Participant: 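Take this structure first; my questions come after.
Everything numeric in this text was worked out from a predicted model, so none of it was measured.
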Amino acid sequence: MGAGRPRRWKLPFHRSAPSSPSSPPEPEPHSPARSAVVVVVAEEEAPPAEFVCSILGALMADPVILPSGQTYERACLQACAELAFLPPGMGSASDAVIPNAALKAAIGTWCARSGRVVPAPPSAEAAREAVLRAMPPDAAKSVRTRPRAALASSSNSSYSSPASAASTSSYTSSSEIIPAEDEVGVKPVKEGINKDAVREQVEMAVDPLEDVVVAKVMDAEEEEEVVLAVAGLREATRESAERRRALCTPRMLAALRRVLLIPRHASARVDATAALVNLTLEPANKVRIVRAGAVPPLVEVLRSSTSPPEAREHAAGALFGLALNEDNRAAIGVLGAVPPLLDLLTSPAHAAPARRDAGMALYHLSLAAVNQSKIARFPGAPKALLAVASSAAERMPIRRLALMVVCNVAACTEGRAALMDAGAVAAVTAILSHDTRSAELDEWCVAAMYAMSRGSLRFRGLARAAGADAALRRVAEECAPGVVRRDMARKTLRAMRNEADDAADLTGSSLECGDGDDCAGSIVSDGLMSFRRRQRELGSSSCGNTAEF
């Protein structure tokens, strides 16, 4: 048997399992080059921090954004609601959320490039355990030992609501969890509210016009039929509050979105935007319209150069009506409404009613901290707002609106820096000192100066160079004691002199934020007259929340 046995080749890329569990594997020879490659790969595969949910600690599969601008995994927010705990950035369990489609797409692109599998939504149990891990130990222990029947049995309905694609957002969040009130009566109250809402929807009569308009928009071959149907809807929304509530349905809003987005329906856009303005008159419709995805079509109407001026005016009015609801402001900003509204307000080429509606929408949107930063970061926005406020050729309501937006933007650190870079201190001082009609703008000018002086060493030098002390002394001397404008002027003068001021903050923000911290809202919202109470003084003929079209 002289034939040799066949040789078995040992392939270098295959290693058989060890025969005994106790036998240690042979160590591989160390290679610096190979180690470097492994380190580089590991660094490249590390996900960006903004892609990771701070509660779950993993890539987000279904990111949603809160009104505060913070983003979380949807399942984690649902678990927070069930456990009666509030994550940072959530004011209450009823806060509306909107899917962050831009972040979701970015995560998918990153996974494709890095060779990772797109993350799947976590199970309800996994999300619950993640929330419990993020809670303080004492709170988590009390929740674990408490029967589930004592917890909130259902999450807020806004977590499952559909919405349109988002553009940009703020992804920063904290891992702190703030316990909400934990009372035995919480569950019955929530259940009662949900039952009432369901009962109201069931009992609400279906308006026959809904089927007519939807059928015409979806199936009509002649454009004239669509125009007549939408015109009839516009008239119907002017009749009564009950009919406006009955006509604000997902099917009707989907039909209006189609009219605003499809080019062949351009002739019906004026009536479609006017109908949306009328629908926003009802408080119950405001959040529903945003969740139905009506904001992106309205933004497209504002952006399009082919949109009729009347349609652009109605689109701005509709956004203003929607921005009156606090829960909508962050979502509207995320969906891209801020840039076209800024262009509409600051461009003299547009009609005055459209500019007023845009200014009112921007004022209310800028009450949200996330939108204050958006305006501050938008190229040229601070200079454009200051140019409108300083122009003697502009009408007084437009100048006032620009200053009111400036006051809101100055409420955040980023906004103060952007405004001072744009020369806001000198511009506002000039209005106070030299404008013969400045008496109508004094309160907003003083409020802007006061806002920029908060915690800013840079403001002192700019204010001295602009001669702001003389203008502020005039206001402080002319106003009667107790007037907020006088107190703001005196506090700003003390800030210029670097004098310590132990007096309470005039805006009331110190109740919610620490000294020097930024708060959402207007710097003058508590101290000066509310903008919504001044609409008659502005002489606005097209208020998106009071007039029917």
Side-chain angles (χ1 to χ4, degrees), residues 13 37-83 85 87-90 95-135 154-175 177 250 254 257 261 290-297 299-300 330-336 370 374:
F13 53 83
V37 172
V38 172
V39 172
V40 171
V41 171
E43 290 179 353
E44 291 178 351
E45 291 182 352
E50 61 268 22
F51 292 175
V52 177
C53 175
S54 61
I55 298 176
L56 187 63
L59 287 172
M60 287 181 277
D62 189 8
V64 292
I65 187 170
L66 294 172
S68 63
Q70 293 169 307
T71 301
Y72 295 99
E73 176 69 44
R74 184 191 294 274
C76 292
L77 290 184
Q78 291 174 340
C80 288
E82 293 171 359
L83 297 173
F85 274 79
M90 175 175 283
D95 280 357
V97 298
I98 184 169
N100 197 334
L103 180 59
K104 185 175 182 179
I107 293 173
T109 302
W110 180 84
C111 289
R113 290 179 179 176
S114 60
R116 288 199 178 194
V117 179
V118 177
S123 64
E125 188 62 29
R128 185 176 185 273
E129 289 300 320
V131 173
L132 290 173
R133 288 195 301 269
M135 289 181 183
S154 61
S155 60
N156 187 269
S157 60
S158 62
Y159 296 140
S160 58
S161 60
S164 300
S167 56
T168 57
S169 67
S170 171
Y171 307 125
T172 57
S173 59
S174 170
S175 60
I177 303 295
R257 288 201 316 268
L261 291 175
V290 173
R291 292 178 183 173
V295 172
V299 172
E300 186 59 31
I332 294 173
V334 166
L335 292 170
V370 63
K374 284 182 182 295

Participant: Side-chain contact, heavy-atom cut-off 4.5 Å: Q70 with P87?
Facilitator: no
Participant: Write down the atom of P297, the atom of R257, and the distance for their closest heavy-atom approach.
Facilitator: CG-CG, 3.9 Å
Participant: Distance check, rounded to the nearest 0.5 Å: R291 atom CZ versus I98 atom CD1?
Facilitator: 10.0 Å
Participant: I'd like to know whether I107 forms a side-chain contact (heavy atoms from CB on, under 4.5 Å) with M60, so could you lay out the CA-CA distance, the side-chain angles of the two residues, the decisive distance to 0.1 Å, and finally the verdict.
Facilitator: CA-CA 8 Å; I107 293 173; M60 287 181 277; 4.1 Å; yes
Participant: Write down the atom of P63, the atom of T71, and the distance for their closest heavy-atom approach.
Facilitator: CB-CG2, 3.7 Å
Participant: Where do V52 and G57 come nearest, in terms of heavy atoms and distance?
Facilitator: CG1-C, 3.5 Å
Participant: Can you list the residues that meet the side-chain contact (heavy atoms from CB on, under 4.5 Å) rule with A126, with sequence neighbours excluded?
Facilitator: P122, S123
Participant: Partners of P48 by side-chain contact (heavy atoms from CB on, under 4.5 Å), sequence neighbours excluded?
Facilitator: E50, F51, W110
Participant: Between atom SG of C53 and atom OH of Y72, what is the distance when rounded to the nearest 0.5 Å?
Facilitator: 7.5 Å
Participant: Take I65 and L103, measure what side-chain contact (heavy atoms from CB on, under 4.5 Å) needs, and give me the verdict at the end.
Facilitator: CA-CA 10 Å; I65 187 170; L103 180 59; over 6 Å; no
Participant: Shortest non-hydrogen contact from P119 to C111?
Facilitator: CD-SG, 3.8 Å
Participant: Using a 4.5 Å cut-off on heavy atoms from C-beta on, say whether the side chain of V131 contacts that of E82.
Facilitator: no
Participant: With side-chain contact (heavy atoms from CB on, under 4.5 Å) as the criterion, how do L83 and M135 come out once you've worked through the C-alpha distance, each side chain's angles and the decisive distance to 0.1 Å?
Facilitator: CA-CA 10 Å; L83 297 173; M135 289 181 183; 3.6 Å; yes
Participant: Do E73 side-chain atoms and P121 backbone N/O form a donor-acceptor pair below 3.5 Å?
Facilitator: no
